[in-house]
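Report on one structure; see the data block that follows.
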Amino acid sequence: MNDYFSWRDDWLLDIELLDRQHMAIAACLSTLANHYRIGQDSGNTAAWKQELEDLLERLRVETSRHFHDEEQLMHETQYLHLKHHRYEHVMLLAELKQLISNINTGKEELDTDELSHLKTWLIAHTIDSDRKFADYYHSTRSGRQAHTGNECLSPADAPQRL
């Protein structure tokens with residue numbers, strides 16, 4: 001069975017932790033989609049439904065952990081757009097939690113449209129909002145690494161003599 005979601009290297013941010021987490025979320029989505037297909041082919045048994053709910057919860061946990069870690073990096077680097085980025089995270093996570101609740105209570109069933117939507121928001125968020133942060137992150141890190149402490153100080157930065 002083909003993977004539903006194949007990670008593309010051009011989505012990498014070159015931030016090891018975030019890239020690893022993005023790939024883990026992509027793997028969760030692929031596993032979820034493959035499990036969904038199995039249920040469609042063989043019938044939606046109670047065991048299949050429970051596994052589907054477990055996979056959705058795993059996706060929620062992975063996504064939540066990723067958002068937390070990403071926001072921590074943003075905070076540490078004083079990313080100017082942290083508040084807006086955090087808002088995106090809150091909205092995406094709320095949407096995922098609502099979907100899980102609706103599926104668990106029988107108000108909604110997972111379908112190909114929902115799977116496609118989950119896939120789309122991950123890709124769109126990664127290649128747009130996360131890419132902007134990654135560019136900022138790398139620019140601040142390269143600036144810090146280039147600073148050796150031996151540069152000439154401007155008069156305003158020079159230590160004051162008593």
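In this text the structure is predicted, and so the values were computed from the model without any measurement.
Of the inter-residue distances, the one linking L17 atom CG with H22 atom NE2 reads 9.5 Å to the nearest 0.5 angstrom. Annotation: the span from L13 atom CG to H138 atom NE2 amounts to 7.0 Å, rounded to 0.5 Å. One finds the CD atom of Q21 at 11.0 Å from the OG1 atom of T126 (value rounded to the nearest 0.5 Å). Between the OG atom in S30 and the CG atom in L55 there is a gap of 11.0 Å [rounded to 0.5 Å]. Note that CD of Q98 and CD of E108 are 8.5 Å apart. Values are rounded to the nearest 0.5 Å. The NE2 atom of H75 sits 6.0 Å away from atom CD of Q72, with the distance rounded to the nearest 0.5 Å.
Residues forming a salt bridge (charged side-chain N to carboxylate O under 4.0 Å, His left out) with D10 (at least two apart in sequence, or on another chain): R8. Remark: S64 engages R60, L93 in a side-chain contact (heavy atoms from CB on, under 4.5 Å) (not counting sequence neighbours). In terms of the side-chain contact (heavy atoms from CB on, under 4.5 Å) criterion, residue partners of I123 (sequence neighbours excluded) are, by chain and number, F5, W11, K119, I127. Under the rule for a salt bridge (charged side-chain N to carboxylate O under 4.0 Å, His left out), D9 has no partner lying at least two apart in sequence or in another chain. Under the salt bridge (charged side-chain N to carboxylate O under 4.0 Å, His left out) criterion, R58 pairs with no residue, sequence neighbours left out. Scanning for side-chain contact (heavy atoms from CB on, under 4.5 Å) contacts around L73 gives I15, L18, E76, F133, Y137, with sequence neighbours left out. For the side-chain hydrogen bond (donor to acceptor under 3.5 Å, both in side chains) test, residues two or more places apart in sequence or in another chain that qualify with K132 are D128. Residues passing the side-chain contact (heavy atoms from CB on, under 4.5 Å) test with A24, sequence neighbours excluded: E62.
Around the CD atom of E109, the shell of radius 6.0 Å holds no more than 12 heavy atoms that belong to other residues, nucleotides or ligands.
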Sequence neighbours left out, cut at 3.5 Å: what donor-acceptor pairs do the side chains of residues 46-53 make with other protein atoms?
residue : atom : partner : partner atom : Å
W48     : NE1  : H35     : O            : 2.7
W48     : NE1  : H35     : NE2          : 3.4
K49     : NZ   : E53     : OE2          : 3.1
K49     : NZ   : I103    : O            : 3.2
Q50     : NE2  : D54     : OD1          : 2.8

Cut-off 3.5 Å, no hydrogens considered: what does the side-chain donor-acceptor table look like for residues 79-86, sequence neighbours left out?
residue : atom : partner : partner atom : Å
H84     : NE2  : E88     : OE2          : 3.1
H85     : NE2  : E70     : OE1          : 2.9
H85     : NE2  : H89     : NE2          : 3.2
H85     : NE2  : H125    : NE2          : 3.2
H85     : NE2  : D130    : OD1          : 2.9
R86     : NE   : E71     : OE1          : 3.1

**OP:** Please report the C-alpha distance between L32 and L110 in whole Å, then the side-chain angles of each, then the deciding distance to 0.1 Å, and finally whether the side chain to side chain contact (heavy atoms under 4.5 Å, CB included) criterion is met.
**Re:** CA-CA 10 Å; L32 180 64; L110 186 66; 4.0 Å; yes
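Contact detail for D14 and D19: the closest heavy-atom pair is N-OD2, 2.9 Å. Across every non-hydrogen atom of I25 and T63, the tightest pair is CD1-CA, 3.9 Å. Contact between E114 and D111 at its shortest, heavy atoms only, is N-OD1, 2.8 Å.
Residue M91 is found in a hydrophobic cluster whose other members, listed by chain and number, are Y87; membership requires side-chain heavy atoms under 4.5 Å apart, directly or through intermediates.
Y136 and F67 fall into different hydrophobic clusters, where Ile, Leu, Val, Met, Phe, Trp and Tyr residues are linked whenever their side-chain heavy atoms come under 4.5 Å apart, directly or through other members. L92 and M74 are not part of a single hydrophobic cluster, where members link through side-chain heavy atoms under 4.5 Å apart. Clustering ILVMFWY residues whenever any of their side-chain heavy atoms sit less than 4.5 angstrom apart, transitively, puts L118 in a cluster other than the one holding V90.
Applying the salt bridge (Lys or Arg N to Asp or Glu O under 4.0 Å) test to residues at least two apart or on different chains, none of the pairs has a partner in residues 89-106.
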